[in-house]
Amino acid sequence: MPLRIVSSLSKRREDFQPIHDKKIGLYVCGLTVYDVCHIGHARTFLAFDAIVRYLRFLGYDVTYVRNFTDVEDKIIKRALQEGVDSRVVSERYIRQAEEDFDALGMIRPSVEPKVTEHMGEIIAFVQALMDKGVAYAVDGDVYYEVNKFSGYGKLSRRTPDELQAGARVDIDERKRNPLDFALWKSGKPGEPVWESPWGLGRPGWHIECSAMATKYLGDHFDIHAGGADLVFPHHENEIAQSEAVLGGDWVKYWLHCGTLNIHHEKMSKSLGNYLTIQDALRRYHPEVLRFFILSFHYGSIIDFSDAFVEEKEQGLERLYHVLQQLDTTLDASLQDPALAAASSLSHSESEMVTRLAELRQAFIEAMNDDFNTAEAAGVLFQTAAVLKKYLLSLEDDTHTIGGGSYFALNQGRAFLKEVGQIFGIFQCSPDLLFQSVLERKLQNVVLPLPEIQQMISDRSQARKTKDWKRADAIRQALADHRILVQDTPEGTTWSVRR
RNA sequence: GGCGCGGUAGCCAAGCGGUAAGGCGAUGGUCUGCAAAACCGUUAUACGUGGGUUCAAUUCCCACCCGCGCCUCCA
């Protein structure tokens with residue numbers, strides 16, 4: 001099955017056919033930089049991060065554009081409050097966002113255009129709308145005339161009448177239609193302004209995306225993505241502007257990512273119910289966050305809670321456990337160079353190789369079905385189960401494995417690593433992952449590390465003398481502090497309960 | 001009020017016309033001094049409710065109930 005995409009415009013599965021063969025232009029609406037990012041932002045950008053990775057995996061040459069809107073009312077407001085230039089505010093949060101995104105392991109977009117660096121293109125776009133007669137200037141402001149665009153409302157599936165019926169904004173008498181929106185806003189003293197044919201001012205929200213997407217991706221491009229909360233008015237207005245100037249269907253496929261909710265409410269700065277990316281990363285390994293988010297389909301709403309993330313954390317650790325077993329077995333066998341070469345496969349070995357190929361195909365099929373990372377994640381667990389069983393079947397032998405088994409297991413590990421790159425997981429060694437997860441959990445434990453170690457060692461002494469009563473008392477004392485003791489053939493280890 | 005999305009096992013979540021992926025939990029087992037971890041097995045005659053279309057519906061249509069989103073800034 002080829003790649004199929006459910007575009008927000010059609011709401012139906014469509015075969016994906018790029019405008020220019022193997023080249024894909026993809027624009028993701030980025031951030032307005034007036035504050036730090038929360039995990040709601042992370043959800044959207046991580047979802048599209050995986051989509052870009054997958055398109056590249058399929059061999060497409062993706063030009064990935066994600067903007068920073070660095071001129072906007074809230075930035076100006078914040079700058080005023082702090083008594084600094086708005087540039088200070090926007091630059092601070094751009095830097096912070098880049099740090100957060102890097103920490104989450106996101107691939108960098110091909111271009112990250114900023115509004116302040118594209119004033120010429122933006123003004124030209126507004127002028128083009130004026131020339132077309134779909135925009136009008138009033139007192140230094142320029143508005144888009146919604147009535148001039150017959151397709152207005154096609155993305156959000158509402159007619160202009162329906163939109164007006166629910167309007168909760170005060171009517172601006174200077175507008176010809178209450179739905180008309182600002183393309184250019186005149187500036188007040190103290191605000192950042194640029195010269196334009198309509199006087200000093202700044203761009204309205206929406207126009208920057210039309211202008212910058214067009215500059216980097218051309219008049220028509222393949223995929224435009226963003227959060228579901230941008231459908232109206234942002235994307236509706238982008239369509240109106242762009243199609244009025246450029247004609248035809250501006251974007252071929254629209255992708256909208258579901259919001260991330262907390263306690264059944266959308267996480268947002270205005271509600272104050274957010275967890276910043278930085279705070280989330282203190283609690284969870286980046287791969288855990290990625291795996292959590294990607295275990296949902298990009299379009300669905302995620303209800304966030306620590307319990308849900310911890311559930312996925314456990315799942316990811318189990319997957320890593322298989323990887324660790326694979327490493328152990330394969331590394332041990334590698335000591336004999338002759339084993340590294342693929343030799344003729346026995347029946348069970350070739351069955352294993354076939355099964356792995358099927359699973360790889362299942363993963364691809366899942367991703368081909370509108371980037372269904374949730375289903376693809378399921379394939380990862382199925383693969384783990386298959387691999388574990390095979391590993392178990394090998395255990396009867398002497399600890400060395402034959403070339404055929406080596407080949408099969410290596411195939412399995414290569415598959416996990418390969419698709420792991422699409423999810424952005426399996427990028428570190430199992431030990432490092434376990435250690436890192438443990439360290440994050442340890443933050444919530446009040447017992448000092450030396451004390452824990454002392455108690456463990458005391459308990460080991462007690463066990464040596466078969467003083468089970470004392471050993472169990474210490475174990476219970478540790479358990480009261482959420483420390484779980486594990487006795488293994490290699491000695492006693494411990495972990496932190498979730 | 002309008003428009004949109006969703007309601008699938010104890011919980012989370014895929015599937016969206018041919019008879020229910022996966023994860024967590026629970027439970028039985030292997031292991032263990034006992035545990036834990038890990039591993040193996042079991043775990044939905046059933047998909048919000050009521051109608052309808054169809055040989056066949058969780059999947060399509062209608063109504064209703066519930067939740068969320070958007071209609072103001074929002075990823």
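Every chain is numbered from 1, with letters handed out A, B, ... down the list of sequences. Every value quoted in this text rests on a predicted model; they were computed, and no experiment measured them.
Judged as a ring-ring contact (aromatic ring centres under 6.0 Å, His included), and not counting sequence neighbours, the contacts of A/Y27 are A/H224. Residues passing the ring-ring contact (aromatic ring centres under 6.0 Å, His included) test with A/W494: none are found, sequence neighbours excluded. The ring-ring contact (aromatic ring centres under 6.0 Å, His included) test applied to A/F426 returns A/Y320, not counting sequence neighbours. In this view, A/F48 satisfies the ring-ring contact (aromatic ring centres under 6.0 Å, His included) rule with no residue, not counting sequence neighbours.
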List, with names and distances, any nitrogen or oxygen atoms from the protein found under 3.5 Å away from nitrogen or oxygen atoms belonging to nucleotides 3-7 of chain B.
residue, atom, partner, partner atom, Å
B/rC3, O2', A/R157, O, 3.2

Check nucleotides 18-21 of chain B against the protein and report each pair of N or O atoms closer than 3.5 Å, with its distance, or say if there are none.
residue, atom, partner, partner atom, Å
B/rA21, O2', A/Q382, NE2, 2.6

Produce the list of close N/O pairs, under 3.5 Å, pairing protein atoms with atoms of nucleotides 41-44 of chain B; give distances to one decimal.
residue, atom, partner, partner atom, Å
B/rG41, OP1, A/K389, NZ, 2.9

What N/O pairs connect the protein and nucleotides 60-63 of chain B at under 3.5 Å? Give each pair on its own line.
none

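Considering only side-chain N and O atoms, A/R318 lies under 4.0 angstrom from the phosphate OP1 or OP2 of B/rC24. Checking the phosphate oxygens (OP1, OP2) of B/rA14, a side-chain nitrogen or oxygen of A/S300 falls inside 4.0 Å. Side-chain N/O atoms of A/K266 include one lying less than 4.0 angstrom from OP1 or OP2 on B/rC70.
Salt-bridge annotation for A/E82 and A/R78: present, with a side-chain N of the basic residue lying under 4.0 Å from a carboxylate O of the acidic one. Ion pair A/R95/A/E98 not flagged as a salt bridge, since none of the NZ, NE, NH1 or NH2 atoms sits closer than 4.0 Å to an Asp/Glu carboxylate oxygen.
Under the 30°/60° scheme for interplanar angles, the aromatic rings of A/H41 and A/F45 are found to lie parallel. Between A/F371 and A/Y54, the ring-plane angle classifies as perpendicular under the 30° and 60° cut-offs. Ring geometry for A/Y253 versus A/F16: interplanar angle of 30 to 60°, hence tilted. In this pair, A/H321 and A/F434 present their aromatic rings tilted. The plane angle is within the 30 to 60° band. Ring geometry for A/Y216 against A/H118 counts as perpendicular: the plane angle is over 60°, on a 0 to 90° scale with 30° as the lower cut.
Judged by distance alone with a 3.5 Å cut-off, no donor-acceptor contact links the side chain of A/D303 to the base of B/rC12.
Counting only N and O atoms by type, the side chains of A/H38 and A/T276 include no donor and acceptor under 3.5 Å apart. In summary, the side chains of A/S210 and A/S242 do present a donor paired with an acceptor at a separation below 3.5 Å, with no hydrogens or angles considered. No hydrogens or angles considered: nothing links the side chains of A/E99 and A/Q278 as a donor-acceptor pair under 3.5 Å.
Less than 4.0 Å separates RNA chain B from at least one heavy atom of each of the following residues of residues 465-484 of chain A: A/W468, A/D472, A/R475.
The salt bridge (charged side-chain N to carboxylate O under 4.0 Å, His left out) analysis of residues 104-113 of chain A, with sequence neighbours excluded, yields the pairs A/R66-A/E112, A/D102-A/R108. Screening residues 465-492 of chain A for ring pair (Phe, Tyr, Trp, His ring centres under 6.0 Å), with sequence neighbours left out, gives no hits.
Taking the six-membered ring for Trp, A/H206 and A/H235 have ring centres at least 6.0 Å apart. Ring centroids of A/F292 and A/F308 are separated by 6.0 Å or more, keeping the two rings apart.
Toward the 5' end of RNA chain B, the nearer of the two residues A/D369 and A/P233, judged by each one's closest nucleotide, is A/D369. Summary of the strand contacts: A/M267 and A/A384 both lie near RNA chain B, and taking for each the nucleotide with the nearest heavy atom, the more 5' one is attributed to A/A384.
Residue A/H38 is classed as a base contact, given a heavy-atom separation below 4.0 Å to a base.
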Under the rule of Watson-Crick or G-U wobble with both distances under 3.5 Å, where | means paired to another strand and [ ] a crossing pair, RNA chain B maps to ((((((((.[[[..)..(...]]]((((((.......))))))....[[[[[..)....]]]]])))))))....
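Picking from B/rA75, B/rG23, B/rG15 the nucleotide with the shortest atom distance to the side chain of A/R13 gives B/rG15.
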